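Below is one structure, written out as structure tokens; the observations come after it.
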Amino acid sequence: MQTPVYFISDIHLKLQASPKEKKRRESLYRLLDQIRKTGGSCFFVGDLFDFYFEYPHLIPKAYMDFYQKAVEMKNDGIELHLLLGNHDYWVQEFITEELMDQVYFDDAILEVDGKKLFITHGDGLLSWDHGYRILKKIIRSKFFIWLFRWVHPTIAYRLANAISKSGRHHTHSNDFNKDVRIEVQNVAKNHFDNGFDFMICGHYHLGEMFSVNEGKLAVLGDWFYRPSYAIFDGTDLTLHPWENDA
Ligand SMILES: [Mn+2]
């Protein structure tokens with residue numbers, strides 16, 4: 001994989017256009033344009049889309065500007081990687097074959113310039129999250145996806161939009177975040193004990209970096225309140241805020 005590798009997650013591109021959404025996308029595209037200038041790879045660590053479900057002959061039109069930007073990046077020689085999150089797991093050939101260089105349906109293990117990286121979206125990682133892990137298995141099963149495909153797209157997307165609007169996944173209580181910090185660091189420690197140098201995780205919207213033993217853990221921020229990205233330059237992993245004036 002080409003370095004530097006940029007890691008971004010939880011952008012949650014919305015189905016519904018709004019002035020706020022337009023500003024968010026413009027800010028994202030400024031970062032992506034910067035990546036085009038430096039070269040390297042861009043690794044989306046899940047929940048790039050707030051909802052994505054692809055049908056054999058249909059793709060969502062709400063993300064047209066992103067598809068365009070992705071093509072521009074590829075034309076400039078940027079490698080595009082997408083590890084799927086709990087909001088955008090249901091991709092098919094358009095994403096896997098046309099848009100991205102590589103798509104990961106599960107956690108990814110990378111070896112770049114002699115360093116070992118463990119990359120996970122992070123959903124279902126918490127030890128007490130038993131119910132979610134079962135739900136995750138169901139909604140990712142071939143049968144569920146087959147069944148959902150028979151729901152008319154207009155109804156499927158209306159449903160998704162309603163769920164997305166009611167979602168409060170962007171802010172978590174302080175107590176929850178405290179537990180997450182402890183838990184994710186425990187998971188990271190385990191990986192570092194097994195030879196990994198770095199771990200990158202999304203989903204929890206923290207935008208924080210932790211040193212655990214000899215390793216480093218980045219829990220990426222979301223693109224609502226604390227846009228941030230991590231860079232692996234071939235030696236070290238660092239976390240950076242992006243246009244973070246809110
Ligand atoms: Mn997520």
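One-based numbering, in listed order, for ligands and for the atoms of each. Here the structure is a predicted model, which is why all the values come from computation and not from measurement. Just so you know, residue 1 is the first one in the sequence shown, and it goes up from there.
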Check the orientation of [X] and [Y]. Use parallel for under 30°, tilted for 30 to 60°, and perpendicular for over 60°.
X      : Y      : value
Phe144 : Phe148 : parallel
Phe118 : Phe196 : perpendicular
His205 : His203 : perpendicular

Do any of the N/O/S atoms of [X], backbone or side chain, fall under 2.8 Å from the Mn ion (ligand 1)?
X     : answer
Asp47 : yes
Asn86 : yes
His87 : no

Counting neighbours of CZ on Arg158 that are heavy atoms of other residues, nucleotides or ligands and sit closer than 6.0 Å, is the number greater than 12? no
Per residue His203, nearest N, O or S atom to the Mn ion (ligand 1) is named ND1
